[in-house]
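Taking it in order: structure first as structure tokens, then the write-up.
Throughout, numbering of the chain's residues begins at 1 and tracks the sequence. From a predicted model like this one, the values you see are computed outputs, not experimental measurements.
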Amino acid sequence: SRAAASLVLTVGALSLDVQRHSASLGGGELELTGREWDVLEQLTLAVPRVVAKQKLAESLSQWDKEITPNAVEIYVSRLRTKLEPAGIRIRTVRGLGYMLEDLPHDAKPA
């Protein structure tokens, strides 16, 4: 038998354990819905590149028949609310999509 190594993705204070499907922010557990997880995983895997909104919609459409671009915006908005207090930003790149960034220390909220 082969032991699968756990893949942990880290951006600033954010850590995603892909195998365990768990996330932490600043050392504490980060509660995410299944769709929020999928969006955040796609963004984290792509750091520092932009992820097209269409690609995010396609990753979510595995759950349902079809996901609209507006639904992607809703999940991104929910994630921003959870991540920004810890200095992790989802930046909109107009006409392209979204990218995940760790804000510089002096730009992080107090």
Are [X] and [Y] side-chain neighbours, meaning at least one heavy-atom pair lies under 4.5 Å?
X     : Y     : value
Leu7  : Asp17 : no
Arg78 : Ile74 : yes
Leu30 : Leu14 : yes
Val76 : Thr92 : no
Val93 : Met99 : yes
Val39 : Tyr98 : no
Leu16 : Glu41 : yes
Val18 : Thr44 : no

Check your understanding: How many angstroms lie between atom CG of Leu79 and atom CD of Glu84, to the nearest 0.5 angstrom?
Key ->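 One finds 10.5 Å between CG of Leu79 and CD of Glu84.
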Check your understanding: Rounded to the nearest 0.5 Å, what separation is found between the CZ atom of Arg91 and the CG atom of Leu103?
Key ->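 The CG atom of Leu103 is 10.5 Å from CZ of Arg91, to the nearest 0.5 Å.
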So, [X] side chain and [Y] main chain: donor-acceptor pair closer than 3.5 Å or not?
X     : Y     : result
Glu73 : Asn70 : no
Ser15 : Val11 : no
Ser59 : Leu56 : yes
Ser24 : Gly27 : no
Arg80 : Ile90 : yes

Review point. Is it the case that one hydrophobic cluster holds both Leu9 and Leu43, taking links as side-chain heavy atoms less than 4.5 Å apart, direct or via other members?
Key: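 Yes, same cluster.
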**Study point:** Cluster overlap Leu96 with Val47, hydrophobic side-chain contacts below 4.5 Å
**Key:**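 No, because Leu96 and Val47 fall into different hydrophobic clusters, even though each may have its own neighbours under 4.5 Å.
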Which atom names give the shortest non-hydrogen contact between [X] and [Y], and what distance separates them?
X     : Y     : answer
Val51 : Gln42 : CG2-O, 3.8 Å
Glu36 : Glu31 : OE1-O, 4.1 Å
Ala86 : Ala13 : O-CB, 4.2 Å
Leu32 : Ala23 : CD1-CB, 3.8 Å

Review point. In this structure, are over 12 heavy atoms from other groups packed under 6.0 Å from Lys82 atom NZ?
Key: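 For Lys82, atom NZ is crowded (more than 12 foreign heavy atoms under 6.0 Å).
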